[in-house]
Protein chains: 2
Amino acid sequence: MLPEDNILFKGIDQSDCQRMISCFNADIKTFRSGQKIMDYSDNPDKLGVILCGTAVMVRYDINGVRSIMESLNEQSIFGVYFTFTASQRSGIEIVAETECNVMFVRRSEITKRCEKACQCHSKVVENLLQLMSEKAISLNERIEVLSQRTIEEKLISCLSIIEEKTPNGKAPQIPFSTTALSDYLCVNRSALQREITRLKNNGVLTISKRKFKLMRNRDSDN
Amino acid sequence: MLPEDNILFKGIDQSDCQRMISCFNADIKTFRSGQKIMDYSDNPDKLGVILCGTAVMVRYDINGVRSIMESLNEQSIFGVYFTFTASQRSGIEIVAETECNVMFVRRSEITKRCEKACQCHSKVVENLLQLMSEKAISLNERIEVLSQRTIEEKLISCLSIIEEKTPNGKAPQIPFSTTALSDYLCVNRSALQREITRLKNNGVLTISKRKFKLMRNRDSDN
DNA sequence: AAAAATCTGTTGCAATTGCAACACAGGAGG
DNA sequence: CCTCCTGTGTTGCAATTGCAACAGATTTTT
(Lines give C-alpha, C1' and ligand atoms only; values in the text may rest on other atoms or scores of the structure.)
Protein backbone atom coordinates (compact mmCIF):
# COMPACT_ATOMS: atom_id res chain seq x y z
CA MET A 1 0.00 0.00 0.00
CA LEU A 2 1.34 3.40 -0.94
CA PRO A 3 1.67 5.96 1.83
CA GLU A 4 -0.82 8.38 0.35
CA ASP A 5 -3.53 5.72 0.44
CA ASN A 6 -3.11 5.52 4.17
CA ILE A 7 -5.90 7.07 6.16
CA LEU A 8 -3.46 8.80 8.43
CA PHE A 9 -1.86 10.55 5.45
CA LYS A 10 -5.03 11.18 3.51
CA GLY A 11 -4.91 14.45 1.59
CA ILE A 12 -1.14 14.72 1.66
CA ASP A 13 0.82 14.27 -1.54
CA GLN A 14 3.34 11.53 -1.95
CA SER A 15 6.55 13.53 -1.63
CA ASP A 16 5.39 15.05 1.64
CA CYS A 17 4.31 11.60 2.81
CA GLN A 18 7.72 10.10 2.30
CA ARG A 19 9.29 13.00 4.10
CA MET A 20 6.90 12.70 7.02
CA ILE A 21 7.28 8.95 7.36
CA SER A 22 10.98 9.34 7.94
CA CYS A 23 10.36 12.45 10.03
CA PHE A 24 7.93 10.46 12.19
CA ASN A 25 10.33 7.53 12.41
CA ALA A 26 7.44 5.38 11.25
CA ASP A 27 8.11 1.68 11.40
CA ILE A 28 6.45 -0.93 9.17
CA LYS A 29 6.44 -4.55 10.27
CA THR A 30 4.91 -7.82 9.09
CA PHE A 31 3.18 -10.32 11.36
CA ARG A 32 1.95 -13.85 10.72
CA SER A 33 -1.43 -15.20 11.76
CA GLY A 34 -1.59 -15.70 15.50
CA GLN A 35 1.38 -13.49 16.24
CA LYS A 36 1.18 -10.85 18.89
CA ILE A 37 1.30 -7.40 17.30
CA MET A 38 1.21 -5.29 20.39
CA ASP A 39 1.17 -5.81 24.09
CA TYR A 40 -0.05 -2.99 26.23
CA SER A 41 2.66 -3.59 28.74
CA ASP A 42 5.16 -2.14 26.28
CA ASN A 43 4.96 1.41 24.99
CA PRO A 44 1.88 3.51 25.73
CA ASP A 45 2.92 6.19 23.25
CA LYS A 46 2.95 3.76 20.33
CA LEU A 47 0.19 3.96 17.79
CA GLY A 48 -0.47 1.37 15.11
CA VAL A 49 -2.30 1.34 11.79
CA ILE A 50 -3.13 -1.92 10.07
CA LEU A 51 -2.03 -1.60 6.44
CA CYS A 52 -3.36 -5.00 5.40
CA GLY A 53 -4.78 -8.09 7.09
CA THR A 54 -7.05 -8.47 10.10
CA ALA A 55 -6.40 -8.60 13.81
CA VAL A 56 -8.26 -8.59 17.10
CA MET A 57 -7.86 -6.71 20.33
CA VAL A 58 -8.24 -9.25 23.11
CA ARG A 59 -8.21 -9.08 26.85
CA TYR A 60 -7.39 -11.83 29.29
CA ASP A 61 -8.73 -11.33 32.79
CA ILE A 62 -7.23 -12.73 35.98
CA ASN A 63 -8.95 -16.06 35.42
CA GLY A 64 -7.65 -16.31 31.86
CA VAL A 65 -11.08 -15.70 30.30
CA ARG A 66 -10.70 -14.12 26.89
CA SER A 67 -12.80 -11.20 25.69
CA ILE A 68 -12.54 -9.79 22.20
CA MET A 69 -12.51 -6.06 22.74
CA GLU A 70 -12.58 -5.18 19.08
CA SER A 71 -11.94 -6.59 15.63
CA LEU A 72 -9.47 -4.68 13.49
CA ASN A 73 -9.31 -4.59 9.69
CA GLU A 74 -7.27 -2.81 7.09
CA GLN A 75 -6.89 0.86 8.04
CA SER A 76 -7.90 0.22 11.63
CA ILE A 77 -5.97 2.17 14.19
CA PHE A 78 -5.10 1.10 17.71
CA GLY A 79 -3.04 2.11 20.68
CA VAL A 80 -4.09 5.74 20.87
CA TYR A 81 -6.52 5.39 23.66
CA PHE A 82 -4.52 3.55 26.20
CA THR A 83 -2.06 6.31 26.75
CA PHE A 84 -3.03 6.75 30.36
CA THR A 85 -4.91 3.61 31.35
CA ALA A 86 -3.60 1.30 33.97
CA SER A 87 -3.27 -1.55 31.54
CA GLN A 88 -1.20 -3.60 33.95
CA ARG A 89 -4.47 -4.51 35.61
CA SER A 90 -5.68 -6.44 32.60
CA GLY A 91 -3.68 -8.07 29.85
CA ILE A 92 -4.71 -6.42 26.61
CA GLU A 93 -3.13 -7.62 23.38
CA ILE A 94 -3.43 -7.08 19.66
CA VAL A 95 -3.16 -10.41 17.86
CA ALA A 96 -2.96 -11.00 14.11
CA GLU A 97 -5.77 -13.11 12.67
CA THR A 98 -4.27 -13.22 9.20
CA GLU A 99 -0.92 -12.05 7.91
CA CYS A 100 -0.68 -8.34 8.67
CA ASN A 101 1.38 -5.33 7.73
CA VAL A 102 1.36 -2.77 10.47
CA MET A 103 2.74 0.75 10.61
CA PHE A 104 3.86 2.04 14.00
CA VAL A 105 4.22 5.73 14.83
CA ARG A 106 4.75 7.49 18.10
CA ARG A 107 1.87 9.70 19.11
CA SER A 108 4.22 12.37 20.41
CA GLU A 109 5.90 12.57 16.99
CA ILE A 110 2.59 13.45 15.41
CA THR A 111 1.50 16.01 17.94
CA LYS A 112 4.75 17.92 18.18
CA ARG A 113 5.54 20.62 15.64
CA CYS A 114 8.61 20.35 13.49
CA GLU A 115 10.07 22.90 11.13
CA LYS A 116 10.34 20.53 8.19
CA ALA A 117 6.70 19.61 7.69
CA CYS A 118 4.50 21.94 9.66
CA GLN A 119 1.68 22.25 7.19
CA CYS A 120 1.45 18.51 6.86
CA HIS A 121 1.55 17.91 10.58
CA SER A 122 -1.72 19.67 11.18
CA LYS A 123 -3.33 17.72 8.36
CA VAL A 124 -2.24 14.47 9.96
CA VAL A 125 -3.62 15.64 13.28
CA GLU A 126 -6.95 16.34 11.61
CA ASN A 127 -6.94 12.90 10.04
CA LEU A 128 -6.16 11.39 13.39
CA LEU A 129 -9.07 13.30 14.89
CA GLN A 130 -11.35 11.86 12.27
CA LEU A 131 -10.06 8.35 12.92
CA MET A 132 -10.48 8.68 16.66
CA SER A 133 -13.99 9.88 16.13
CA GLU A 134 -14.81 6.79 14.12
CA LYS A 135 -13.10 4.55 16.61
CA ALA A 136 -14.97 6.12 19.47
CA ILE A 137 -18.21 5.47 17.64
CA SER A 138 -17.40 1.79 17.49
CA LEU A 139 -16.55 1.83 21.19
CA ASN A 140 -19.92 3.37 21.83
CA GLU A 141 -21.60 0.71 19.76
CA ARG A 142 -19.87 -1.90 21.81
CA ILE A 143 -21.13 -0.26 24.98
CA GLU A 144 -24.61 -0.17 23.54
CA VAL A 145 -24.47 -3.91 22.93
CA LEU A 146 -22.99 -4.73 26.33
CA SER A 147 -25.54 -2.50 28.05
CA GLN A 148 -28.30 -4.90 27.08
CA ARG A 149 -29.47 -7.00 29.98
CA THR A 150 -30.10 -10.38 28.33
CA ILE A 151 -28.27 -12.47 25.75
CA GLU A 152 -31.20 -12.14 23.35
CA GLU A 153 -31.08 -8.36 23.60
CA LYS A 154 -27.29 -8.28 23.25
CA LEU A 155 -27.46 -10.45 20.16
CA ILE A 156 -30.25 -8.51 18.50
CA SER A 157 -28.61 -5.20 19.31
CA CYS A 158 -25.34 -6.42 17.82
CA LEU A 159 -26.99 -7.80 14.69
CA SER A 160 -29.04 -4.62 14.25
CA ILE A 161 -25.90 -2.54 14.25
CA ILE A 162 -24.23 -4.80 11.69
CA GLU A 163 -27.37 -4.76 9.56
CA GLU A 164 -27.53 -0.99 9.71
CA LYS A 165 -23.95 -0.65 8.52
CA THR A 166 -24.36 -3.10 5.66
CA PRO A 167 -24.74 -1.40 2.25
CA ASN A 168 -28.12 -1.84 0.60
CA GLY A 169 -28.43 -4.99 -1.45
CA LYS A 170 -25.72 -6.86 0.39
CA ALA A 171 -26.51 -9.57 2.91
CA PRO A 172 -25.53 -8.63 6.47
CA GLN A 173 -22.76 -10.82 7.77
CA ILE A 174 -21.37 -11.59 11.23
CA PRO A 175 -17.62 -10.88 11.24
CA PHE A 176 -16.96 -13.64 13.79
CA SER A 177 -17.38 -17.31 14.39
CA THR A 178 -20.11 -18.04 16.92
CA THR A 179 -17.46 -18.81 19.48
CA ALA A 180 -15.75 -15.47 18.90
CA LEU A 181 -19.12 -13.75 18.90
CA SER A 182 -19.77 -15.09 22.38
CA ASP A 183 -16.47 -13.55 23.46
CA TYR A 184 -17.47 -10.27 21.86
CA LEU A 185 -20.83 -10.29 23.62
CA CYS A 186 -19.20 -11.44 26.86
CA VAL A 187 -21.56 -14.34 27.37
CA ASN A 188 -21.26 -18.08 27.58
CA ARG A 189 -20.97 -19.74 24.19
CA SER A 190 -23.53 -22.49 24.68
CA ALA A 191 -26.00 -20.07 26.21
CA LEU A 192 -25.58 -17.90 23.11
CA GLN A 193 -26.05 -20.93 20.90
CA ARG A 194 -29.26 -21.72 22.76
CA GLU A 195 -30.58 -18.22 22.14
CA ILE A 196 -29.67 -18.32 18.45
CA THR A 197 -31.51 -21.61 18.07
CA ARG A 198 -34.52 -20.24 19.94
CA LEU A 199 -34.68 -17.12 17.78
CA LYS A 200 -34.41 -19.22 14.62
CA ASN A 201 -37.27 -21.44 15.79
CA ASN A 202 -39.38 -18.38 16.54
CA GLY A 203 -38.80 -17.08 13.04
CA VAL A 204 -37.11 -13.93 14.31
CA LEU A 205 -33.74 -14.78 12.83
CA THR A 206 -32.42 -16.55 9.76
CA ILE A 207 -28.78 -17.59 9.61
CA SER A 208 -26.92 -19.47 6.95
CA LYS A 209 -23.19 -19.63 7.43
CA ARG A 210 -22.43 -16.13 8.70
CA LYS A 211 -25.04 -14.32 6.63
CA PHE A 212 -28.17 -13.47 8.57
CA LYS A 213 -31.48 -11.71 8.41
CA LEU A 214 -33.57 -10.20 11.21
CA MET A 215 -37.36 -10.13 11.05
CA ARG A 216 -38.49 -7.18 13.06
CA ASN A 217 -42.17 -7.00 12.13
CA ARG A 218 -43.50 -9.84 14.31
CA ASP A 219 -43.73 -8.86 17.95
CA SER A 220 -40.90 -10.73 19.59
CA ASP A 221 -42.69 -12.73 22.23
CA ASN A 222 -41.95 -16.19 23.63
CA MET B 1 -15.54 30.76 33.36
CA LEU B 2 -13.16 32.60 31.11
CA PRO B 3 -12.47 31.17 27.69
CA GLU B 4 -8.76 30.61 28.27
CA ASP B 5 -9.55 28.38 31.25
CA ASN B 6 -11.46 26.15 28.94
CA ILE B 7 -9.78 22.90 28.03
CA LEU B 8 -10.65 23.38 24.40
CA PHE B 9 -8.78 26.69 24.34
CA LYS B 10 -5.92 25.67 26.58
CA GLY B 11 -2.67 27.35 25.57
CA ILE B 12 -4.34 30.11 23.62
CA ASP B 13 -4.26 33.65 24.95
CA GLN B 14 -7.39 35.57 25.77
CA SER B 15 -7.54 37.93 22.80
CA ASP B 16 -7.23 35.02 20.38
CA CYS B 17 -9.84 33.12 22.39
CA GLN B 18 -12.41 35.87 22.10
CA ARG B 19 -11.76 36.15 18.40
CA MET B 20 -12.13 32.41 17.91
CA ILE B 21 -15.31 32.14 19.95
CA SER B 22 -17.03 34.56 17.64
CA CYS B 23 -15.29 32.98 14.66
CA PHE B 24 -16.62 29.58 15.74
CA ASN B 25 -20.07 31.00 16.42
CA ALA B 26 -19.81 29.37 19.82
CA ASP B 27 -23.00 29.46 21.83
CA ILE B 28 -23.19 29.43 25.63
CA LYS B 29 -26.43 28.35 27.29
CA THR B 30 -27.64 27.67 30.83
CA PHE B 31 -29.71 24.66 31.83
CA ARG B 32 -31.51 23.88 35.06
CA SER B 33 -31.33 20.55 36.87
CA GLY B 34 -33.29 17.89 34.99
CA GLN B 35 -33.38 19.82 31.74
CA LYS B 36 -32.45 18.12 28.50
CA ILE B 37 -29.18 19.58 27.20
CA MET B 38 -28.89 17.66 23.99
CA ASP B 39 -30.89 15.15 22.09
CA TYR B 40 -29.12 13.14 19.47
CA SER B 41 -32.00 13.41 17.13
CA ASP B 42 -31.10 17.04 16.50
CA ASN B 43 -27.74 18.12 15.12
CA PRO B 44 -24.99 15.57 14.60
CA ASP B 45 -22.38 18.26 13.99
CA LYS B 46 -22.90 19.90 17.35
CA LEU B 47 -20.28 19.52 20.06
CA GLY B 48 -20.69 20.55 23.70
CA VAL B 49 -18.38 21.35 26.59
CA ILE B 50 -19.70 21.56 30.13
CA LEU B 51 -18.38 24.79 31.62
CA CYS B 52 -19.86 24.21 35.05
CA GLY B 53 -22.26 21.78 36.68
CA THR B 54 -22.78 18.05 36.16
CA ALA B 55 -24.81 16.07 33.68
CA VAL B 56 -25.33 12.50 32.53
CA MET B 57 -25.47 10.84 29.16
CA VAL B 58 -28.43 8.49 29.31
CA ARG B 59 -29.92 6.04 26.89
CA TYR B 60 -33.45 4.76 26.78
CA ASP B 61 -33.88 1.49 24.94
CA ILE B 62 -37.01 0.28 23.17
CA ASN B 63 -38.48 -0.93 26.45
CA GLY B 64 -37.82 2.39 28.15
CA VAL B 65 -35.05 0.98 30.34
CA ARG B 66 -32.58 3.69 31.27
CA SER B 67 -28.83 3.19 31.11
CA ILE B 68 -26.34 5.81 32.19
CA MET B 69 -23.75 5.82 29.44
CA GLU B 70 -21.48 8.29 31.13
CA SER B 71 -21.39 10.92 33.82
CA LEU B 72 -20.22 14.37 32.75
CA ASN B 73 -18.58 17.00 34.94
CA GLU B 74 -17.05 20.38 34.43
CA GLN B 75 -14.81 20.32 31.35
CA SER B 76 -16.43 17.15 30.04
CA ILE B 77 -17.01 17.13 26.34
CA PHE B 78 -19.80 15.40 24.49
CA GLY B 79 -21.22 15.08 21.02
CA VAL B 80 -17.89 14.55 19.29
CA TYR B 81 -18.38 10.91 18.58
CA PHE B 82 -21.77 10.69 17.07
CA THR B 83 -20.88 12.56 13.95
CA PHE B 84 -21.93 9.77 11.66
CA THR B 85 -23.68 7.27 13.88
CA ALA B 86 -27.21 6.23 13.54
CA SER B 87 -28.07 7.41 17.01
CA GLN B 88 -31.70 7.62 16.06
CA ARG B 89 -31.79 3.90 16.71
CA SER B 90 -31.52 4.48 20.41
CA GLY B 91 -32.67 7.49 22.38
CA ILE B 92 -29.51 9.06 23.71
CA GLU B 93 -29.82 12.25 25.70
CA ILE B 94 -27.66 14.56 27.75
CA VAL B 95 -29.53 15.62 30.86
CA ALA B 96 -28.45 18.21 33.43
CA GLU B 97 -28.05 16.87 36.97
CA THR B 98 -27.35 20.27 38.47
CA GLU B 99 -27.51 23.73 36.95
CA CYS B 100 -25.15 23.73 33.99
CA ASN B 101 -23.44 26.18 31.68
CA VAL B 102 -22.71 24.58 28.37
CA MET B 103 -20.78 25.85 25.38
CA PHE B 104 -21.84 24.59 21.97
CA VAL B 105 -19.58 24.65 18.92
CA ARG B 106 -19.99 23.11 15.51
CA ARG B 107 -17.40 20.49 14.82
CA SER B 108 -17.03 21.60 11.21
CA GLU B 109 -16.17 25.11 12.39
CA ILE B 110 -13.22 23.77 14.32
CA THR B 111 -11.86 21.48 11.66
CA LYS B 112 -12.04 23.93 8.80
CA ARG B 113 -9.24 26.40 8.23
CA CYS B 114 -9.94 30.08 8.34
CA GLU B 115 -7.64 32.93 7.38
CA LYS B 116 -8.25 34.86 10.57
CA ALA B 117 -6.98 32.44 13.17
CA CYS B 118 -5.09 29.63 11.51
CA GLN B 119 -2.39 29.15 14.11
CA CYS B 120 -4.99 28.95 16.86
CA HIS B 121 -7.15 26.55 14.93
CA SER B 122 -4.52 23.86 14.91
CA LYS B 123 -3.96 24.31 18.64
CA VAL B 124 -7.65 23.79 19.25
CA VAL B 125 -7.57 20.68 17.11
CA GLU B 126 -4.70 19.34 19.20
CA ASN B 127 -6.59 20.06 22.39
CA LEU B 128 -9.58 18.29 20.96
CA LEU B 129 -7.38 15.31 20.16
CA GLN B 130 -6.23 15.19 23.74
CA LEU B 131 -9.79 15.39 25.01
CA MET B 132 -11.01 12.67 22.73
CA SER B 133 -8.14 10.51 23.79
CA GLU B 134 -9.12 10.90 27.42
CA LYS B 135 -12.76 10.35 26.65
CA ALA B 136 -11.99 7.23 24.68
CA ILE B 137 -10.06 5.90 27.64
CA SER B 138 -13.13 6.25 29.79
CA LEU B 139 -15.19 4.46 27.15
CA ASN B 140 -12.66 1.67 27.23
CA GLU B 141 -12.88 1.51 30.97
CA ARG B 142 -16.62 1.21 30.69
CA ILE B 143 -16.19 -1.65 28.26
CA GLU B 144 -13.74 -3.30 30.60
CA VAL B 145 -16.31 -3.15 33.38
CA LEU B 146 -19.19 -4.37 31.23
CA SER B 147 -17.04 -7.21 29.86
CA GLN B 148 -17.03 -8.84 33.26
CA ARG B 149 -19.29 -11.84 33.43
CA THR B 150 -20.76 -11.54 36.92
CA ILE B 151 -22.07 -8.68 39.04
CA GLU B 152 -19.33 -9.24 41.58
CA GLU B 153 -16.66 -8.94 38.89
CA LYS B 154 -18.31 -5.89 37.34
CA LEU B 155 -18.48 -4.17 40.71
CA ILE B 156 -14.90 -4.97 41.70
CA SER B 157 -13.61 -3.96 38.30
CA CYS B 158 -15.47 -0.65 38.52
CA LEU B 159 -14.27 0.05 42.06
CA SER B 160 -10.69 -0.89 41.17
CA ILE B 161 -10.68 1.65 38.38
CA ILE B 162 -12.04 4.37 40.66
CA GLU B 163 -9.52 3.43 43.34
CA GLU B 164 -6.68 3.56 40.85
CA LYS B 165 -7.65 7.05 39.75
CA THR B 166 -8.00 8.41 43.28
CA PRO B 167 -5.03 10.54 44.39
CA ASN B 168 -2.97 9.08 47.22
CA GLY B 169 -4.27 9.91 50.66
CA LYS B 170 -7.82 10.53 49.52
CA ALA B 171 -10.58 8.02 50.13
CA PRO B 172 -11.97 6.49 46.91
CA GLN B 173 -15.55 7.48 46.31
CA ILE B 174 -18.34 6.18 44.09
CA PRO B 175 -19.66 9.04 41.94
CA PHE B 176 -23.19 7.57 41.92
CA SER B 177 -26.00 6.52 44.16
CA THR B 178 -26.35 2.74 44.35
CA THR B 179 -29.37 2.95 42.11
CA ALA B 180 -27.46 4.93 39.49
CA LEU B 181 -24.50 2.57 39.87
CA SER B 182 -26.73 -0.34 38.94
CA ASP B 183 -27.70 1.56 35.79
CA TYR B 184 -24.04 2.18 35.04
CA LEU B 185 -23.18 -1.48 35.52
CA CYS B 186 -26.28 -2.52 33.58
CA VAL B 187 -27.50 -4.89 36.26
CA ASN B 188 -30.54 -5.19 38.46
CA ARG B 189 -30.41 -2.89 41.46
CA SER B 190 -31.41 -5.37 44.12
CA ALA B 191 -29.06 -7.99 42.73
CA LEU B 192 -26.28 -5.42 42.97
CA GLN B 193 -27.32 -4.62 46.52
CA ARG B 194 -27.16 -8.31 47.36
CA GLU B 195 -23.60 -8.54 46.02
CA ILE B 196 -22.48 -5.43 47.91
CA THR B 197 -23.86 -6.88 51.13
CA ARG B 198 -22.20 -10.21 50.46
CA LEU B 199 -18.81 -8.60 49.77
CA LYS B 200 -19.11 -6.53 52.93
CA ASN B 201 -19.88 -9.65 54.98
CA ASN B 202 -16.89 -11.43 53.46
CA GLY B 203 -14.63 -8.56 54.46
CA VAL B 204 -13.70 -7.80 50.88
CA LEU B 205 -15.33 -4.40 50.82
CA THR B 206 -15.94 -1.56 53.24
CA ILE B 207 -18.44 1.16 52.35
CA SER B 208 -19.58 4.14 54.37
CA LYS B 209 -21.77 6.57 52.48
CA ARG B 210 -20.07 6.63 49.09
CA LYS B 211 -16.52 6.21 50.34
CA PHE B 212 -15.22 2.68 50.02
CA LYS B 213 -12.18 0.48 50.44
CA LEU B 214 -11.29 -2.77 48.72
CA MET B 215 -9.30 -5.48 50.50
CA ARG B 216 -7.44 -7.41 47.86
CA ASN B 217 -5.09 -9.51 49.98
CA ARG B 218 -7.51 -12.22 51.12
CA ASP B 219 -8.28 -14.72 48.40
CA SER B 220 -11.84 -13.96 47.39
CA ASP B 221 -13.56 -17.27 48.00
CA ASN B 222 -17.08 -18.04 49.19
C1' DA C 1 -5.82 -39.58 3.32
C1' DA C 2 -5.48 -39.65 8.18
C1' DA C 3 -5.02 -37.20 12.32
C1' DA C 4 -5.50 -33.20 15.05
C1' DA C 5 -7.65 -29.15 16.24
C1' DT C 6 -11.38 -26.14 16.30
C1' DC C 7 -16.12 -24.99 15.81
C1' DT C 8 -21.20 -26.11 16.04
C1' DG C 9 -25.20 -27.73 18.21
C1' DT C 10 -27.54 -29.86 22.22
C1' DT C 11 -28.79 -30.90 27.00
C1' DG C 12 -29.24 -31.50 32.27
C1' DC C 13 -28.11 -29.29 36.22
C1' DA C 14 -26.35 -25.68 39.24
C1' DA C 15 -25.50 -20.88 40.02
C1' DT C 16 -26.50 -16.27 39.20
C1' DT C 17 -29.57 -12.71 38.24
C1' DG C 18 -33.94 -10.33 37.58
C1' DC C 19 -38.39 -9.26 39.40
C1' DA C 20 -41.65 -7.89 42.65
C1' DA C 21 -42.85 -6.68 46.92
C1' DC C 22 -42.09 -4.70 51.26
C1' DA C 23 -40.06 -1.94 55.24
C1' DC C 24 -37.39 1.76 56.43
C1' DA C 25 -34.46 6.15 56.14
C1' DG C 26 -33.78 10.79 54.73
C1' DG C 27 -34.73 15.04 52.27
C1' DA C 28 -37.95 18.52 50.14
C1' DG C 29 -41.76 21.15 50.58
C1' DG C 30 -46.33 22.50 52.21
C1' DC D 1 -45.42 18.25 61.82
C1' DC D 2 -46.98 15.60 58.03
C1' DT D 3 -46.71 14.01 53.28
C1' DC D 4 -44.46 12.85 49.17
C1' DC D 5 -40.67 11.20 46.86
C1' DT D 6 -36.47 8.89 46.19
C1' DG D 7 -32.94 5.89 47.70
C1' DT D 8 -31.47 1.78 50.70
C1' DG D 9 -31.61 -2.84 52.22
C1' DT D 10 -33.82 -7.50 52.21
C1' DT D 11 -36.10 -11.69 50.55
C1' DG D 12 -38.70 -15.54 47.98
C1' DC D 13 -39.37 -17.09 43.64
C1' DA D 14 -38.90 -17.46 38.67
C1' DA D 15 -36.11 -16.85 34.67
C1' DT D 16 -31.83 -16.61 32.62
C1' DT D 17 -27.24 -17.92 32.23
C1' DG D 18 -23.04 -20.56 33.01
C1' DC D 19 -20.88 -25.00 33.19
C1' DA D 20 -19.68 -29.42 31.75
C1' DA D 21 -19.99 -32.99 28.86
C1' DC D 22 -20.80 -35.02 24.56
C1' DA D 23 -21.51 -35.91 19.42
C1' DG D 24 -20.96 -34.48 14.99
C1' DA D 25 -19.17 -31.11 11.45
C1' DT D 26 -15.59 -28.51 9.49
C1' DT D 27 -10.97 -26.91 8.92
C1' DT D 28 -6.03 -27.35 9.30
C1' DT D 29 -1.94 -29.89 9.64
C1' DT D 30 0.90 -33.77 8.77
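Note: hydrogens, waters and symmetry copies are ignored here, and every other heavy atom, side chains too, is used. In what follows, every chain begins at residue 1, and chains take the letters A, B, ... in the order their sequences are listed.
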**Study point:** Donor-acceptor contact present, side-chain Glu153(B) to main-chain Arg149(B), <3.5 Å
**Key:**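 Looks like yes, one N/O pair under 3.5 Å.
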Check your understanding: When you look at Glu152(B) and Arg198(B), which way does the salt bridge (Lys or Arg N to Asp or Glu O under 4.0 Å) test go after all the steps?
Key -> CA-CA 9 Å; Glu152(B) 174 183 340; Arg198(B) 204 172 56 77; 2.7 Å; yes
Is any side-chain nitrogen or oxygen of [X] closer than 4.0 Å to OP1 or OP2 of [N]?
| X | N | answer |
| --- | --- | --- |
| Gln193(B) | dG9(D) | yes |
| Thr178(B) | dT8(D) | yes |
| Thr179(A) | dT8(C) | yes |

Review point. Can you give one letter per nucleotide of nucleotides 12-30 of chain D, 5' to 3': B if a protein heavy atom sits under 4.0 Å from the base, S if only from the sugar-phosphate, - if neither?
Key: B----BBBBB-----S---
Practice item. Over all heavy atoms of both residues, which pair between Lys46(A) and Met38(A) is shortest? Give the atoms and the distance, please. Key: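 Smallest interatomic distance, heavy atoms only, reads O-CE, 3.4 Å.
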**Study point:** Closest contact, heavy atoms only, Gly48(B) versus Phe104(B)
**Key:**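 Minimum heavy-atom contact is CA-CD2, 4.3 Å.
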Check your understanding: With sequence neighbours left out, what residues match Ala191(B) under side-chain contact (heavy atoms from CB on, under 4.5 Å)?
Key ->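 For Ala191(B) the side-chain contact (heavy atoms from CB on, under 4.5 Å) partners, ignoring immediate neighbours, are Ile151(B), Asn188(B), Arg194(B).
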Just to verify, what does [X] make a side chain to side chain donor-acceptor pair (under 3.5 Å) with, not counting sequence neighbours?
| X | result |
| --- | --- |
| Ser76(B) | none |
| Thr178(A) | none |
| Thr54(B) | Glu97(B) |
| Gln193(A) | none |

Practice item. Take the protein atom CD1 of Ile174(A) and the nucleotide atom P of dC7(C), then report the distance between them rounded to whole Å. Key: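 For the pair Ile174(A) CD1 and dC7(C) P, the rounded distance is 15 Å.
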Review point. Ile196(B) has an atom CD1; how far is it from atom C1' of dT8(D), in whole Å?
Key: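 It is 10 Å, rounded to the nearest whole Å.
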Write down the protein N/O and nucleotide N/O pairs, taken from nucleotides 23-30 of chain C, whose separation is under 3.5 Å; answer none if there are no such pairs.
none

Exercise for review: To the nearest 0.5 Å, tell me how far Ile162(B) CD1 sits from Gln173(B) CD.
Suggested key: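 CD of Gln173(B) is found 9.5 Å from CD1 of Ile162(B).
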Review point. Which residues pass the salt bridge (Lys or Arg N to Asp or Glu O under 4.0 Å) test with Lys165(A), sequence neighbours left out?
Key: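 Scan of Lys165(A) (salt bridge (Lys or Arg N to Asp or Glu O under 4.0 Å), adjacent residues dropped) gives Glu141(A).
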Review point. In degrees rounded to 10°, what angle is found between the helical axes fit to the five outermost pairs at each end of the helix from dA1(C)-dT30(D) to dG30(C)-dC1(D)?
Key: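 So the angle between the two local helix axes works out to 50°.
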